[in-house]
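By convention in this document, chain letters (A, B, ...) are assigned in the order of the sequence lines, proteins followed by strands, and residues within each chain are numbered from 1.
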Number of protein chains: 2
Amino acid sequence: MPRPTKQNPERGAARTRLLEAARDIIRAQGFAATTVDDLCKSAGVTKGAFFHHFESKEALGVAAAAYWAETTSAFFAAAPYHAHADPLARLLGYLDFRKEIIQGDLAEFTCLVGTMAQEVYGSHPIIREACAASIFGHAATLEPDIAAAMDARGIKADWTPASLAAHTQAVLQGAFILAKATGDRAIARDSVDHLKRYIDMLFTTNSGREGLQ
Amino acid sequence: MPRPTKQNPERGAARTRLLEAARDIIRAQGFAATTVDDLCKSAGVTKGAFFHHFESKEALGVAAAAYWAETTSAFFAAAPYHAHADPLARLLGYLDFRKEIIQGDLAEFTCLVGTMAQEVYGSHPIIREACAASIFGHAATLEPDIAAAMDARGIKADWTPASLAAHTQAVLQGAFILAKATGDRAIARDSVDHLKRYIDMLFTTNSGREGLQ
DNA sequence: ACAAGCATACCATCCGGTTGGTATGTTAAT
DNA sequence: ATTAACATACCAACCGGATGGTATGCTTGT
């Protein structure tokens with residue numbers, strides 16, 4: 001869709017630059033506090049360009065969630081933890097990878113769609129749905145490894161691969177909130193450690209094979 | 001400070017009513033999307049009353065977090081799980097209690113300070129701090145039971161009571177995000193179940209007594 | 001009399017969205 | 001090969017309503 005010209009090679013990139021601006025600014029300020037002008041200024045385009053590409057601010061929110069889903073799924077697909085032969089090692093490797101990327105500024109490693117979902121679940125159901133699709137689409141990539149690890153160890157539990165995959169995302173989202181509340185990244189990594197310990201115990205002790213309660 | 005009159009017994013309650021309105025509306029819409037007029041309308045007072053009691057919208061955010069800390073700490077202090085004799089039973093009872101109160105409308109059981117912290121951590125550091133105080137003040141109430149349970153079972157681990165207490169709050173906050181994203185309360189309860197299973201295993205298997213990594 | 005607890009009215013600014021226009025590129029009939 | 005017709009990408013200026021905050025004054029209890 002982009003149509004660059006000879007004089008201005010940046011032409012045609014307005015949409016992408018607005019989505020990148022949205023990704024960065026919304027993570028730092030939230031959706032409601034981010035104005036269309038903020039986005040235009042950061043992207044270096046005018047409001048006319050904004051409303052040419054997006055019907056409304058709400059539509060940008062949906063597009064930003066979709067863009068997030070695309071870019072992060074490519075990012076994780078390229079991550080090294082997939083190289084492990086054992087599915088449990090891949091799962092724990094995923095969590096190590098998540099721990100590794102918890103660094104730098106808060107707005108750089110926290111989750112756009114988690115932030116947006118929390119904020120707009122009541123007022124913008126369309127954005128909420130796009131965020132849910134991104135979160136659970138990502139969680140779904142963990143399920144095959146979880147199922148394979150259960151299979152390999154003959155584990156019959158009262159929890160499902162989908163449930164554990166969702167739980168990993170809950171822990172990560174919650175870890176981000178604690179990090180934002182304290183300003184401390186370490187507390188987020190600590191929660192991921194607890195999650196790793198849980199999963200390790202689930203697959204390496206007998207307790208994991210019997211139901212709770 | 002309230003000064004009720006004979007004609008209008010509600011007089012003097014403006015501040016409290018504004019805080020209650022803030023608790024309810026901010027949980028449903030977020031802090032930035034909640035206008036001062038929204039709050040005044042819901043509390044049944046005028047803007048003059050609002051700015052008589054609060055210097056600014058930001059000041060109301062801080063007061064709302066403090067009010068949340070007060071009311072929830074009283075709420076949990078009165079909960080039945082404290083009756084258990086065994087500290088581990090109290091800890092698991094706390095999580096059962098948290099599960100039980102996940103019902104009704106989303107804005108009724110989710111956490112005000114978690115929502116606010118996520119949204120304003122960058123733009124309103126004062127509110128962020130008040131939210132952190134509320135979250136970790138609540139987490140601190142779990143630490144004595146965790147420490148006692150470790151003691152009773154002679155557990156020497158590479159995690160601290162404070163770290164596990166923080167993790168429980170991370171799981172709860174994350175569970176709320178997933179619930180908001182999907183509109184489904186059950187997924188939040190599932191995460192609490194995983195957390196219960198984790199804590200159960202930590203204290204009832206040998207794996208919990210050795211370090212991860 | 002005086003201060004606390006409000007209400008009314010008002011303001012300056014901001015914000016999402018619109019309008020009209022220009023520059024560039026594509027399609028297809030002649 | 002030219003050109004008319006159309007589409008895409010973007011800009012500058014503007015608009016109406018909303019928003020946080022203020023100025024002022026009225027009530028009520030002490």
> Would you mind reading off the distance between E58(A) atom CD and dG16(C) atom P, rounded to a whole angstrom?
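Rounded to the whole Å, the gap is 13 Å.
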> When the distance from CG of L60(A) to P of dC15(C) is rounded to whole Å, what number comes out?
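Going from L60(A) (CG) to dC15(C) (P), I get 16 Å.
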> Please examine the side chains of T16(A) and Y67(A), heavy atoms only from C-beta on, and report whether any two atoms are closer than 4.5 Å.
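Touching, per the 4.5 Å side-chain cut-off.
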> Checking R98(B) side chain against L172(B) main chain: does a donor-acceptor pair fall under 3.5 Å?
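The answer is no, because no donor-acceptor pair under 3.5 Å joins these two groups.
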> Between dA9(D) and H52(A), is there an OP1 or OP2 to side-chain N/O distance shorter than 4.0 Å?
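Indeed, a polar side-chain atom of H52(A) lies that close.
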> Between D38(B) (CG) and dT19(D) (P), how many Å, whole number?
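Whole-Å distance recorded here is 7 Å.
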> Look at the side-chain N and O atoms of H53(B) and state whether any lies under 4.0 Å from the OP1 or OP2 oxygen of dG5(C).
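False: H53(B) side-chain N/O out of range (4.0 Å or more) of dG5(C) OP1/OP2.
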> If you only use heavy atoms from C-beta on, which nucleotide in dG21(D), dT19(D), dG16(C) is closest to the side chain of T35(A)?
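The nucleotide sitting nearest to the side chain is dG16(C).
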> With nearest nucleotide decided by heavy atoms, which residue, F50(A) or G48(B), maps closer to the 5′ end of DNA chain C?
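Residue closer to the 5' terminus by nearest nucleotide: G48(B).
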> How many whole angstroms separate atom CG of L39(B) from atom P of dG21(D)?
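These atoms are roughly 12 Å apart.
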> What is the distance, to the nearest angstrom, from the CG atom on D37(A) to the P atom on dG16(C)?
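From D37(A) CG to dG16(C) P: 7 Å.
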> Hey, is R90(B) close enough to D96(B) for a salt bridge, meaning N to O under 4.0 Å?
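No, this pair does not count.
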> Salt bridge between R189(A) and D184(A), side-chain N to carboxylate O under 4.0 Å?
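Judged by the 4.0 Å cut-off on N to carboxylate O distance, R189(A) and D184(A) do not form a salt bridge.
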> Quickly work out the F54(B) CZ to dG5(C) C1' distance and round it to whole Å.
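Taking CZ of F54(B) and C1' of dG5(C), I get 13 Å after rounding.
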> For the side chain of F51(B), counting heavy atoms from C-beta on, which of dG17(C), dG20(D), dC10(D) is nearest?
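Output: dG20(D).
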> Using only heavy-atom distances, decide whether a donor-acceptor pair under 3.5 angstrom links the side-chain of K57(A) to the base of dG17(C).
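Looking at the base of dG17(C), it does not pair with any donor or acceptor on the side chain of K57(A) (distance under 3.5 Å).
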> For T46(B), which contact category applies under a 4.0 Å heavy-atom criterion: base, sugar-phosphate, or nothing?
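Touches a base.
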